[in-house]
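First listed ligand is number 1; within each ligand, the first listed atom is number 1. The structure presented is a predicted model; accordingly, all values stated were derived computationally and were not measured.
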Amino acid sequence: RLDLDLLARAYRMSAEAHRGQKRLSGDEFVSHSVSVATILVDQQMDTTTVAAALLHDVVEDSQVTVDDIRREFGGEVADLVDGLTKIASLTFRSTEEEQAENYRKLLLSIARDARVIIIKLADRLHNMRTIEFLPPEKQRRIALETREIYAPLAHRFGMAGVKAELEDLAFKVLEPDDCAALVRQVRAKQEEREQTIERLAGPLAEELTRAGITGFDITGRPKNLWSIYRKMKMREKPFEEIYDVIAFRVIVDNVGQCYETLGHIHALWRPVPGRFKDYIAIPKSNMYQ
Ligand code: MN
């Protein structure tokens, strides 16, 4: 799917440009570019985006110019790197929601191409994964910016997994004690959770098979830590009383089967009044459907 020859050339230019530069972790700098590119490959992004990710810090941190990249890789890759270089110098220092929204708008307007933001999100994700090597004050500033700006952007771009991981990494930095306590609580309930998933999946699978629905897949997963924590705070309830700690998912082949499956679920377990949402008929504002 990807143009591996072009990516190899982008890697070589990046490794050459960053030669001798180290991350605070002690790793070669280019390993960061490779990690960012790898995150984007996992997100099924295109060759242009992955190449730009390999080169995303080159203009900022070396003698290589946007024109060099344009000559070597064309205008599209060059424009993406240019956009990333421009937003690299912006810093956000506020916890006001309105300020955060203005800042997100500013980012989007400078970026122009949505792929700039997507690369920036992957860059931030890798920086958050390796944040322990930064001094504490800087950790807090970056974690706050991640929570206020980048996690909501990831949500808006429909990148649920990236959003959840960014939130949990920021949680670990900003409320370390609460985070550690919640990790312990979630772990302690793990077996119970797995039993619950089994207890629900069994009868549902039987019911669906009886109804002639085939090829379905039922999975349950714990929600991310930050979303559990936020609910505890919002509802002023302890962990034990947060009921939607598990997300339960049934994947079927088409929309018709989706509603049919829902019918069987509602026949087995009564829905909670006022808590049911149909995101097929009414997609979320980020177009999640
Ligand atoms: Mn970077």
Asker: Would you call the rings of Phe171 and Tyr229 parallel, tilted or perpendicular, where under 30° means parallel and over 60° means perpendicular?
Answerer: tilted
Asker: In degrees, rounded to 10 degrees, what angle do Asp123 atom OD1 and His32 atom NE2 make at the Mn ion (ligand 1)?
Answerer: 80°
Asker: Is it true that some N/O/S atom of His56, main chain or side chain, lies under 2.8 Å from the Mn ion (ligand 1)?
Answerer: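 So His56 counts as coordinating the Mn ion (ligand 1), yes.
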Asker: Please find the pair of heavy atoms, one from Phe239 and one from Leu182, that lie closest to each other, and give the distance.
Answerer: CD1-CD1, 3.6 Å
Asker: Would you indicate whether the side-chain heavy atoms of Lys277 and Ile282 approach each other to under 4.5 Å?
Answerer: no
Asker: Asp57: which N/O/S atom is nearest the Mn ion (ligand 1)?
Answerer: OD2
Asker: What do you reckon, is NZ of Lys172 surrounded by more than 12 foreign heavy atoms closer than 6.0 Å?
Answerer: no
